[in-house]
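Starting from 1, each residue takes its place in the sequence as its number.
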Amino acid sequence: MSDPPTRLARRLGTGDAIVIGLGSMIGASVFAAIGPAAAAAGSGLMIGLAVAGVVAFCNATSSAQLAAIYPASGGTYVYGRKRLGNLAGFSAGWGFVIGKSATLSVSALTFGAYAFPEAPRPAGIAAVVVVTAINLRGITRTAAATWVTVTLVLIALTLVVVAAVGGGTAESDNLADWGVGGARGILESAGLLFFAFAGYARIATLGEEIKDPARTIPRAIPAALGITLVVYAAVSATALWAVGPEVLAEASAPLAAATEAGSWNGLTPVVRVGAAIASAGALLALIAGVGRTTFAMAAEGDLPRALDKVHPTRKVPHYAEAAVAAVVIVLVSLTDLRNVLGFSSFCVLFYYAVTNASAWTLSPTQRRWPRALSGLGFAGCVTLAITLPGASVLTGLSVLAAGILIWRIRQALLPTISA
């Protein structure tokens, strides 16, 4: 069967798709999210990680089967419009663009915190500029660079595990504090750690650039998610074992703190370099994904039409990616890493709630996984979203409401733009 028509270029195979998913998930998240999660749940963050993994798996199955049917740029923005109506699609796309722009600022600030702790914001801004320039060279450049960054990051995380286990500070007492925050704390940690898993959506949002998307996407999404869950479990468990949740909660660079605590602290510079590379890799993949959703929304008139442009030779949505980079630079200049993490998680959980609701409407012949997984994913997203810190929930609801209000006004004033 021939690939569906596309304005972009189908250049990515299964391996490329998996690696782009890994680059989005095994990036800044593993180096940043473990600290706030430890503050919320202590060693119970390991339970939170398992909960986040289950919800992420449900979301991944919904995303994969929808992406196989609608292999277009935009991900759940497209699925929501097709299955639930224009408002649902817009709300998901708006939440994704805003929430993931916040995620990008987390990645940039994490890069600065590990690589240049004396000047994290300027370093983060420089990273955004560099990776955007790479992305604008074409999607194959993005994939090639992501292969390199994922390989280097996995090496760095292996060293974290080695240093944490062999550094002499690891002891079972560090794993004893499972009761911090109770059940709500565990769910809050799951919501914060879910932020780390959400990168598999990059595979779906690049649907117009993947070869044989109906076959490739359903394989790539679960594979990338499974690899990430194994890596996160190993790193989180050994970091907790090495220094305990209190140290991780208080550290601006948690995995560096776990490495520094032991006699193998000579590996700390390598871990910092690995964190910087991971953050840059996440920026690389995320800017590509958010740029594609922005491009898709502009094509439908839900964002300014000026962003609906494709470079004539490189076949990338260059205006959309440049606009995303500009927004991220502003956020890096103004926001704090820990405060923005919860807000980003809320917006992304809302996005996947729409994904699961869209997948629920599929007919039996369109399904690749049981319908119950979509229902469980929807319930999980809602539960994790409302157990995030109150300020994150209020900010997320306010941003979503503002976007919907603007959309409603625009539809009333310009009805002919409505798809």
Side-chain angles (χ1 to χ4, degrees), residues 6-13 16-17 19-24 27-28 72-75 77 93 96-98 100-112 115 121-150 152-153 199 201-211 276-299 303-333:
T6 173
R7 292 173 59 195
L8 305 178
R10 296 194 184 278
R11 294 170 174 166
L12 302 178
D16 295 325
V19 167
I20 285 176
L22 291 176
S24 299
S73 293
Y77 168 70
F96 180 84
V97 169
I98 298 298
K100 281 302 179 181
S101 294
T103 300
L104 283 161
S105 73
V106 171
S107 297
L109 288 168
T110 302
F111 174 89
R121 294 186 192 277
I125 291 170
V128 172
V129 172
V130 170
V131 300
T132 302
I134 294 173
N135 276 335
L136 293 177
R137 296 290 296 172
I139 192 63
T140 52
R141 303 294 177 88
T142 301
T146 305
W147 273 100
V148 174
T149 59
V150 167
L152 294 175
V153 170
R202 299 302 74 66
I203 300 170
T205 56
L206 297 174
E208 289 191 49
E209 291 156 283
I210 292 176
K211 301 172 186 175
I277 293 171
S279 302
L283 284 170
L284 193 70
L286 285 168
I287 287 177
V290 179
R292 268 60 177 182
T293 300
T294 302
F295 164 74
M297 294 181 73
L303 287 177
R305 291 281 189 183
L307 302 177
D308 174 30
K309 297 289 186 295
V310 176
H311 194 280
T313 57
R314 294 170 185 162
K315 299 299 182 183
V316 295
H318 51 310
Y319 284 10
E321 288 201 12
V324 169
V327 170
V328 174
I329 288 171
V330 172
L331 290 174
V332 171
S333 302

Considering all heavy atoms, the nearest E321-G291 contact: CG-CA, 4.1 Å

Nearest non-hydrogen partners of F111 and S279, listed with the distance: N-OG, 3.4 Å

Least distance between heavy atoms, L331 atom then S101 atom: CD1-O, 3.5 Å

Testing the basics here: between G112 and A123, what is the closest heavy-atom pair and its distance to 0.1 Å? CA-CB, 4.0 Å

Go through it in stages, so that I can follow the logic: the residues are V324 and T132, the test is side chain to side chain contact (heavy atoms under 4.5 Å, CB included), and I'd like the CA-CA distance, side-chain angles, deciding distance and then a yes or no. CA-CA 9 Å; V324 169; T132 302; over 6 Å; no

Candidate list I287, V328, L283, V332, test side chain to side chain contact (heavy atoms under 4.5 Å, CB included), partner S107, passing option: L283

Just by distance, do the side chain of H318 and the backbone of H311 share a donor-acceptor pair under 3.5 Å? yes

Spacing of I277 atom CD1 and L152 atom CG [to the nearest 0.5 Å]: 4.5 Å

Atom pair CG (L303) and CZ (R305), whose distance is rounded to the nearest 0.5 Å: 10.5 Å

For P317 versus R292, what's the shortest heavy-atom pair and its separation? CD-CZ, 3.6 Å

Given side chains that start at C-beta, do those of I125 and S333 come closer than 4.5 Å, heavy atoms only? yes

Let's go through L104 and V128 carefully: what are the C-alpha distance in whole Å and the side-chain angles of both, what is the deciding distance for side chain to side chain contact (heavy atoms under 4.5 Å, CB included) to 0.1 Å, and is it a yes or a no? CA-CA 9 Å; L104 283 161; V128 172; over 6 Å; no

Whether the side chain of R121 engages the backbone of L109 through a donor-acceptor N/O pair (distance < 3.5 Å, no angle test) should be reported. no

What closest approach, in Å, do F295 and D308 show between heavy atoms, and which atom pair accounts for it? CE1-OD1, 3.4 Å

